[in-house]
Chemist: 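Can you keep this structure in mind? I'll have questions shortly.
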Amino acid sequence: MPSRSSSSRRLLSRLPDEGRILSVIRAAGVPVLPAALAKTLRIDAADKTAFEALLAQLVKRGVLFANRKGALCLPEALDLVVGTVLGHPDGYGFLRPDEGGDDLFLSPQEMYKVLHGDKVAARRLPRSERGRVGAEILDVLEHGRREVVGHLYQRHGVWFVVAEDRRLNQDFLLAPNGRGGGKEGDIVVVEVVEPPSASHEAIVRVKEVLGAADADGIEIDIALRKHELPFVFSEAVERSAEKLGDHVKPSDIKGRRDLRDLPLVTIDGETARDFDDAVYAAKSGRGYRLIVAIADVSHYVKDGGALDKAARERGNSVYFPRQVIPMLPEALSNGLCSLNPAVDRLVMACDMMVSARGIVQRYEFYPAVIRSWARLTYTEVWNYLSHGKALPTLKADVAKNVKASLDTLYDLFQRFFEQRQKRGAIDFETAEMEMHFNARGKIEKITPLVRNDAHRLIEECMLAANVCAAETIREHHAQALFRVHEGPTTEKLAALKAFLALCALRLGGGEKPTTKDYAKLLKQIQERDDKDLLQTLLLRSLQRAEYSAEEKGHFGLAYPAYTHFTSPIRRYPDLLIHRTLKAILAEKTYQPKGDSWEVLGEHCSMTERRADEATREVENWLKCLYMQRHLNDVMMGTVSGVTNFGLFITLDGLAIDGLAHVTELGHDYFRFDATRHTLTGQRSGVVYTLAQRVAVRVVRVDSDAGKIDFTLWEGELPETKAAQDDVKKRSPSKTERKKKS
């Protein structure tokens with residue numbers, strides 16, 4: 001008896017393909033009823049059901065459109081646009097066409113019919129008097145959101161949910177008996193029972209009650225569901241991880257180089273638990289030998305298996321304050337794959353010979369086994385390198401060899417850094433903050449996170465290994481995912497240059513500035529009071545780094561080709577690179593199962609953005625909770641953004657942003673200059689601009705919206721006299737306003 005799968009294949013082979021169906025409808029020149037189409041294509045009665053299902057899929061995808069009589073039409077013949085709905089917190093939205101091109105405006109009335117993320121067919125509208133091209137939604141082809149997280153409320157006996165995602169700017173009404181035990185004010189996850197339409201709101205039912213809005217850890221529960229982050233491994237995935245055991249088997253070591261006698265160590269942050277990389281260096285003649293050993297995750301996570309599918313879906317680990325959502329089960333991420341000290345671990349090694357000037361002259365990749373001699377932290381290593389302090393985690397019998405390797409690594413780092421500067425790589429020193437929590441999970445304080453040369457040492461070692469991986473892939477003409485970072489767009493470059501001109505600064509390179517041009521300007525502004533702001537503007541002018549099957553180079557690092565090899569425990573692209581390198585060593589070709597390299601690049605870029613957005617929102621939530629304790633406090637800050645509706649101000653020492661609305665700037669009309677980034681009072685003449693130092697009072701904090709509101713403060717400051725003088729020098733006083741008016 002033939003198998004079910006072979007029968008399915010024969011059935012599919014009897015059905016016409018998509019191209020044949022479209023050509024028949026196109027040739028007809030008019031809408032075609034399914035029955036007439038089946039007759040033209042000579043569909044047997046036995047295949048009728050399967051053919052109708054195929055047509056339904058084409059309609060669902062927007063390839064075809066069914067009119068009110070059920071006849072099939074080509075979207076282009078009806079001048080229809082198929083695309084994805086993008087909601088805006090203010091109630092309107094946009095339609096992003098699948099075919100590319102400019103987004104189309106969707107009015108609040110149109111957005112009432114749909115939800116953010118829906119795939120729709122729409123009719124393009126004539127250009128409005130304001131020059132805006134809009135669209136009218138005709139049909140929802142696919143609903144993008146089946147679950148929504150939000151706050152549960154009751155008004156006049158009617159229960160409804162307000163979504164956490166502000167792009168879903170409409171209320172969700174609860175179905176009868178759909179409250180699921182939730183109380184007013186609770187954070188809940190609801191499933192959409194009936195999507196919205198022109199005549200009614202979406203109807204939902206509570207699926208899960210997350211808890212009260214102020215419950216410990218609720219911000220992470222919200223972020224996970226709001227951004228649809230996978231956070232629970234299936235039983236199949238957990239079983240696959242358990243089957244691998246908790247130690248390296250003798251059979252796993254066979255055929256690998258034994259590096260266990262070398263003093264390889266891991267250097268990470270104090271709270272790290274997943275150790276991807278170990279490093280070792282020694283003098284070799286006038287140059288150096290550097291080994292970067294990376295956890296061999298690909299040995300355990302096989303392409304197409306349950307573990308691989310879970311890792312691919314997640315794309316990367318997500319690092320929230322106080323909690324990590326790992327890409328792989330903890331049995332692997334913190335156990336068998338993690339380069340924990342004093343245990344055997346499998347690695348892929350990048351073994352480099354580096355010249356005395358810091359240039360990698362030759363290298364090779366190979367599978368190996370190591371036994372990390374120590375788990376060191378950045379703080380410990382820097383205290384040793386800068387002040388000769390003892391390494392408390394090292395026993396006397398290993399300390400000598402480890403210290404010798406660290407000394408050589410530091411010497412090599414300085415050579416690498418010299419080459420980095422010659423290359424003209426951009427070195428953005430952004431201000432990062434660290435949150436400190438008490439036993440109840442509340443923020444106790446926020447302090448600057450200081451980067452030292454121990455951080456930079458590891459960074460340079462990883463950069464060297466990643467470049468070697470990219471060069472190996474290029475030399476063998478293999479397909480893979482590259483880490484691509486492109487320079488500024490024409491529009492962003494023009495805006496940046498216009499502002500720099502107002503600051504008496506100039507970015508070299510004409511219409512195509514190089515990385516060196518950026519690095520040169522960064523060096524020029526180091527002594528300026530507004531250097532942090534200028535550095536931020538330079539950074540924002542560049543495009544976001546992404547993963548791509550097409551090699552386009554890395555602008556920021558000034559590399560012609562670059563990839564990610566060094567973090568396969570927490571990044572799926574790195575795992576793919578390991579498989580590619582192993583295939584090259586075996587003189588084979590690696591093609592991931594299921595998806596093309598192009599699709600994988602888009603997916604991994606998406607999961608990275610998703611993780612960034614989720615962690616940023618959690619941090620904002622926590623910062624708002626922290627600022628609630630500082631309501632009515634007066635603080636110092638710097639204007640970090642100027643808009644037509646007010647000033648964004650970043651508080652000193654906290655990296656917390658808030659808004660001073662234009663109505664809080666004085667009893668005046670204010671004119672916004674987008675080029676100069678200024679707000680100017682029409683009557684008073686007072687000017688507010690980027691990088692201006694101001695004193696503000698905290699007047700409102702909205703944790704749900706992630707917003708903090710300030711009002712400018714002109715009274716006596718609680719800070720030191722130096723801080724008061726600072727504000728007096730940089731902020732317009734009442735006297736100055738009178739003089740200008």
Chemist: Heavy atoms, side chains only, cut-off 4.5 Å: are Leu307 and Pro329 in contact?
Modeler: yes
Chemist: Verify the neighbour count for atom CZ of Arg415: are there more than 12 heavy atoms of other residues, nucleotides or ligands below 6.0 Å?
Modeler: yes
Chemist: If we ignore angles and hydrogens, is there a donor and acceptor under 3.5 Å between the side chains of Tyr518 and Ser541?
Modeler: yes
Chemist: When the ring planes of Phe365 and Phe565 are compared, do they come out parallel, tilted or perpendicular, using 30° and 60° as the limits?
Modeler: perpendicular
Chemist: Is Asp276 paired with Arg571 through a side-chain N to carboxylate O contact shorter than 4.0 Å?
Modeler: no
Chemist: Taking atom NZ as the centre, does Lys403 end up with more than 12 heavy-atom neighbours from other residues, nucleotides or ligands that are less than 6.0 angstrom away?
Modeler: yes
Chemist: Atom CZ of Arg273 and atom CD1 of Ile569: how far apart are they, to the nearest 0.5 Å?
Modeler: 12.0 Å
Chemist: How long is the straight-line distance from CD1 of Ile584 back to NE2 of His477, given to the nearest 0.5 Å?
Modeler: 10.5 Å
Chemist: Closest approach of Leu481 and Cys604, non-hydrogen atoms and distance?
Modeler: CD1-SG, 4.3 Å
Chemist: Does any N or O in the side chain of Ser405 come within less than 3.5 Å of the main-chain N or O of Val402, such that one atom is a donor and the other an acceptor?
Modeler: no
Chemist: Apply side chain to side chain contact (heavy atoms under 4.5 Å, CB included) to Asp344 and Asp252, showing your working.
Modeler: CA-CA 11 Å; Asp344 289 350; Asp252 295 330; over 6 Å; no
Chemist: Tell me whether Arg314 forms a cation-pi arrangement with Phe233, defined as NZ or CZ under 6.0 Å from the six-membered ring centre and within 45 degrees of its axis.
Modeler: yes
Chemist: Can you find a side-chain donor-acceptor pair between Asp274 and Tyr319 that sits under 3.5 Å?
Modeler: yes
Chemist: If we check side chain to side chain donor-acceptor pair (under 3.5 Å) with Asp308, which of these qualifies: Lys302, Lys593, Arg579?
Modeler: Arg579
Chemist: Rounded to the nearest 0.5 Å, what separates atom CG in Leu385 from atom CG in Leu391?
Modeler: 8.5 Å
Chemist: Are Tyr384 and Asp407 linked by a side-chain donor-acceptor pair shorter than 3.5 Å?
Modeler: yes
Chemist: Does any N or O in the side chain of Asn383 come within less than 3.5 Å of the main-chain N or O of Glu380, such that one atom is a donor and the other an acceptor?
Modeler: no
Chemist: Does Lys582 have more than 12 heavy atoms from other residues, nucleotides or ligands lying within 6.0 Å of its NZ?
Modeler: yes
Chemist: Is a side-chain N or O of Thr266 found less than 3.5 angstrom from the main chain of Ala278, in a donor-acceptor match?
Modeler: no
Chemist: Near Gln361 CD, under 6.0 Å, is it more than 12 heavy atoms from other residues, nucleotides or ligands?
Modeler: yes
Chemist: Okay, side chain of Asn452, backbone of His455: is any donor-acceptor separation there less than 3.5 Å?
Modeler: yes
Chemist: Count the heavy atoms of every other residue, nucleotide or ligand shown that sit under 6.0 Å from NZ of Lys249, and state whether that count exceeds 12.
Modeler: yes
Chemist: Determine, for Arg456 against Asp427, whether the closest basic-nitrogen to carboxylate-oxygen distance falls under 4.0 angstrom.
Modeler: no
Chemist: Run the numbers on Asp411 and Tyr288 for side chain to side chain contact (heavy atoms under 4.5 Å, CB included), then give the verdict.
Modeler: CA-CA 10 Å; Asp411 189 25; Tyr288 309 86; 2.8 Å; yes
Chemist: Whether the side chain of Trp373 engages the backbone of Arg260 through a donor-acceptor N/O pair (distance < 3.5 Å, no angle test) should be reported.
Modeler: yes
Chemist: Show your working on side chain to side chain contact (heavy atoms under 4.5 Å, CB included) between Leu522 and Lys531 and close with a plain yes or no.
Modeler: CA-CA 8 Å; Leu522 276 171; Lys531 71 170 185 177; over 6 Å; no
Chemist: Is there a donor-acceptor contact under 3.5 Å linking the side chains of Thr566 and Asp277?
Modeler: no
Chemist: Could you verify whether a donor N or O on one side chain and an acceptor N or O on the other, from Asp351 and Tyr366, lie under 3.5 Å apart?
Modeler: yes
Chemist: Just wondering, are more than 12 heavy atoms of other shown residues or ligands nearer than 6.0 Å to NZ in Lys445?
Modeler: no
Chemist: Assess the residue pair Val324 and Arg570 against the criterion (side chain to side chain contact (heavy atoms under 4.5 Å, CB included)); give the C-alpha distance rounded to whole Å, side-chain angles, the decisive distance to 0.1 Å, and a yes or no.
Modeler: CA-CA 10 Å; Val324 177; Arg570 61 185 181 89; over 6 Å; no
Chemist: Does a sphere of radius 6.0 Å around NE2 in His387 hold more than 12 heavy atoms from other residues, nucleotides or ligands, not counting ones at 6.0 Å or beyond?
Modeler: no
Chemist: Does the side chain of Tyr363 reach to within under 4.5 Å of the side chain of Glu471, using non-hydrogen atoms?
Modeler: yes
Chemist: Could you tell me if the side chain of Leu457 sits less than 4.5 Å from the side chain of Trp382, heavy atoms only?
Modeler: no
Chemist: Could you check whether any side-chain heavy atom of Ile443 comes within less than 4.5 Å of a side-chain heavy atom of Leu625, counting everything from C-beta outward?
Modeler: no
Chemist: Which heavy atom in Pro321 sits nearest to a heavy atom in Glu619, and how many Å separate them?
Modeler: CG-CG, 4.0 Å
Chemist: Considering only heavy atoms from C-beta outward, does the side chain of Ile426 approach that of Phe555 to under 4.5 Å?
Modeler: yes
Chemist: In terms of the angle between their ring planes, are Tyr626 and His630 parallel, tilted or perpendicular, with boundaries placed at 30° and 60°?
Modeler: tilted
Chemist: Are any non-hydrogen side-chain atoms of Tyr378 and Glu270 less than 4.5 angstrom apart?
Modeler: no
Chemist: Over all heavy atoms of both residues, which pair between Arg420 and Leu557 is shortest? Give the atoms and the distance, please.
Modeler: NH2-CD2, 4.1 Å
Chemist: Hey, are the side chains of Val360 and Cys468 touching, using non-hydrogen atoms and a 4.5 Å cut-off?
Modeler: yes
Chemist: Taking all non-hydrogen atoms of both residues into account, name the closest pair between Ala545 and Glu608 and its distance.
Modeler: O-OE1, 3.9 Å
Chemist: Could you check whether any side-chain N or O of His485 sits under 3.5 Å from a backbone N or O of Gly556, counting only pairs where one atom can act as donor and the other as acceptor?
Modeler: yes
Chemist: Does a salt bridge link Lys395 with Asp397, judged by any charged N lying under 4.0 Å from a carboxylate O?
Modeler: no
Chemist: List the steps, then state whether ring pair (Phe, Tyr, Trp, His ring centres under 6.0 Å) holds for His554 with Tyr559.
Modeler: CA-CA 5 Å; His554 197 292; Tyr559 288 132; 7.4 Å; no
Chemist: Are the side chains of Leu463 and Phe416 in contact, using a 4.5 Å heavy-atom criterion?
Modeler: no
Chemist: Say whether, by atom type as modelled, one donor and one acceptor occur between the side chain of Gln419 and the main chain of Arg357 under 3.5 angstrom.
Modeler: yes
Chemist: Is it true that the NZ or CZ of Arg322 lies under 6.0 Å from the centre of Phe437's six-membered ring and within 45 degrees of the ring axis?
Modeler: yes
Chemist: Report, as yes or no, whether the 6.0 Å neighbourhood of atom CD on Glu587 holds more than 12 heavy atoms from other residues, nucleotides or ligands.
Modeler: no
Chemist: Determine, for Asp303 against Arg312, whether the closest basic-nitrogen to carboxylate-oxygen distance falls under 4.0 angstrom.
Modeler: yes
Chemist: What closest approach, in Å, do Ala425 and Thr515 show between heavy atoms, and which atom pair accounts for it?
Modeler: CA-CG2, 3.8 Å
Chemist: When you check the gap from the basic side-chain N to the acidic O, do Glu235 and Arg239 get nearer than 4.0 Å?
Modeler: yes
